[in-house]
Amino acid sequence: MLVAERHKKILNTVVEEGSVRVSQLSKMFGFTEETIRRDLEKLEREGKLKRTHGGAISIQEGEKDLPYAKRETQRVSEKEEIAELALSFIEEDDCILLDGSSTANFLAKALPNIPLTVITNSVRALMELMPKEKIHVICTGGSFSHTAHSFLGPLTIQSLDNYHADKAFISCKALDVKWGISEANDMQAMVKKKMLEIAQTNFLLLDHSKVGKKAITNVAGLEKIDYIISDALADTELINEIKSKDVQVISPDK
């Protein structure tokens, strides 16, 4: 593979995924991590991406909150994998919380038609659960976000204050070991923070592209999370660092 072709493929991957790890690119293209780092340095000098600790992010994505329609088509196989792993923690008669993330919606889609109570602010999750008559669904209501396809705002928070759940399943924009869980905007962050407060056990559903990153609004520290469920591409070094904070990490090969 010519250098120019490799650079083009790397840039396309970064733009498509929003962020990538050096180790991930090394496995994808069959080059050493040292070579990939040099590639990223050159692409950054050319203003085509921004390097981060251990990888790079797309300058086209920045910290903006992507429309749901775009998010639900990204990393589909990873989200399906995460949803399948999450199912093993759900038992009959559980009361669970699902946030408005596309990853949580994959879990809603995968839920079997068994006796459960699901509390959610997600319109997409509601649609997935409608045919499953054994599942009791509670919608938070609130101000509808056309971008997020979910309910947000003070009324949503007020509604959540009325409930206690066995388990919360949420996702986020980014996770940094020191900064914690973060989101692209305050409205999303407030709902996720409240869900973590009212659940007995908290699960963070996180594909590999979000690990080792920071977004603008803090949601909570890692101490609020009991389990992180990720996919097989999650960076081993970062996963081990998370485990050192007494958080259990569930992924296919870790």
Side-chain angles (χ1 to χ4, degrees), residues 1-67 70-71 73-79 81-82 101-103 171-185 188-189 204-222 225 228 230-245 247 249 251 253-254:
M1 183 186 298
L2 297 175
V3 174
E5 183 183 358
R6 186 171 72 244
H7 286 181
K8 183 178 179 180
K9 289 181 178 295
I10 288 173
L11 186 59
N12 287 342
T13 302
V14 174
V15 170
E16 180 180 344
E17 299 211 5
S19 70
V20 291
R21 305 289 303 170
V22 169
S23 56
Q24 175 190 352
L25 292 172
S26 176
K27 292 175 183 176
M28 287 177 65
F29 301 119
F31 288 87
T32 66
E33 293 190 7
E34 183 179 355
T35 297
I36 296 297
R37 288 191 187 94
R38 288 198 297 266
D39 291 337
L40 295 179
E41 288 174 3
K42 185 175 188 303
L43 290 168
E44 184 179 49
R45 288 196 301 270
E46 295 173 354
K48 296 178 179 178
L49 52 74
K50 181 180 179 181
R51 285 190 300 149
T52 61
H53 176 68
I57 62 173
S58 170
I59 59 175
Q60 296 182 24
E61 297 290 351
E63 297 296 343
K64 66 183 180 181
D65 194 14
L66 295 177
K70 182 172 183 179
R71 286 187 284 121
T73 62
Q74 293 180 325
R75 292 175 286 280
V76 170
S77 61
E78 289 93 331
K79 292 173 182 177
E81 188 173 57
I82 290 167
S101 65
S102 59
T103 310
S171 189
C172 64
K173 180 78 171 178
L175 171 66
D176 178 81
V177 175
K178 294 181 179 179
W179 175 238
I181 308 161
S182 51
E183 261 302 334
N185 66 67
Q188 293 278 14
L204 186 62
L205 311 179
L206 205 65
D207 73 68
H208 67 276
S209 71
K210 300 175 180 179
V211 181
K213 294 179 62 179
K214 295 179 182 179
I216 191 169
T217 304
N218 180 264
V219 176
L222 271 177
I225 300 300
I228 290 177
S230 192
D231 58 80
L233 293 176
D235 183 83
T236 302
E237 183 180 341
L238 286 172
I239 291 299
N240 289 335
E241 191 175 357
I242 291 169
K243 287 179 178 178
S244 72
K245 303 297 181 180
V247 178
V249 179
S251 65
D253 60 352
K254 295 180 175 63

For [X] versus [Y], what's the shortest heavy-atom pair and its separation?
| X | Y | answer |
| --- | --- | --- |
| Thr217 | Ala189 | CG2-CB, 3.5 Å |
| His208 | Asp231 | N-OD2, 2.8 Å |
| Ile10 | Leu40 | CG2-CD2, 3.8 Å |
| Gly212 | Leu238 | CA-CD1, 3.9 Å |

If you round to the nearest 0.5 Å, how far is [atom2] of [Y] from [atom1] of [X]?
| X | Y | atom1 | atom2 | value |
| --- | --- | --- | --- | --- |
| Met28 | Arg21 | CE | CZ | 14.5 Å |
| Thr35 | Leu25 | OG1 | CG | 12.0 Å |
| Ile181 | Ile225 | CD1 | CD1 | 3.5 Å |
| Lys8 | Leu2 | NZ | CG | 12.0 Å |
| Thr103 | Leu204 | OG1 | CG | 9.5 Å |
| Cys172 | Gln188 | SG | CD | 11.0 Å |

**OP:** Can you spot which of Arg51, Arg37, Arg38 makes a salt bridge (Lys or Arg N to Asp or Glu O under 4.0 Å) with Glu44?
**Re:** Arg51

Original post:
Going by atom types alone, do Ser171 and Lys79 pair a side-chain donor with an acceptor below 3.5 Å?
Top reply: no

Original post:
side chain to side chain contact (heavy atoms under 4.5 Å, CB included) between Leu175 and Ile242: does it pass, once the steps are laid out?
Top reply: CA-CA 10 Å; Leu175 171 66; Ile242 291 169; 3.8 Å; yes

Quick one: does any side-chain atom of [X] pair with a main-chain N or O of [Y] as donor and acceptor, under 3.5 Å?
| X | Y | answer |
| --- | --- | --- |
| Thr13 | Lys9 | yes |
| Glu241 | Val177 | no |
| Ser230 | Leu206 | yes |
| Asp39 | His7 | no |

Original post:
Does Glu34 CD have over 12 foreign heavy atoms under 6.0 Å away?
Top reply: no

**OP:** Kindly confirm or rule out a cation-pi arrangement of Arg6 over Phe31, judged by NZ or CZ under 6.0 Å from the six-membered ring centre and within 45° of its axis?
**Re:** yes

Original post:
By side chain to side chain donor-acceptor pair (under 3.5 Å), which residues pair with Glu41, not counting sequence neighbours?
Top reply: none

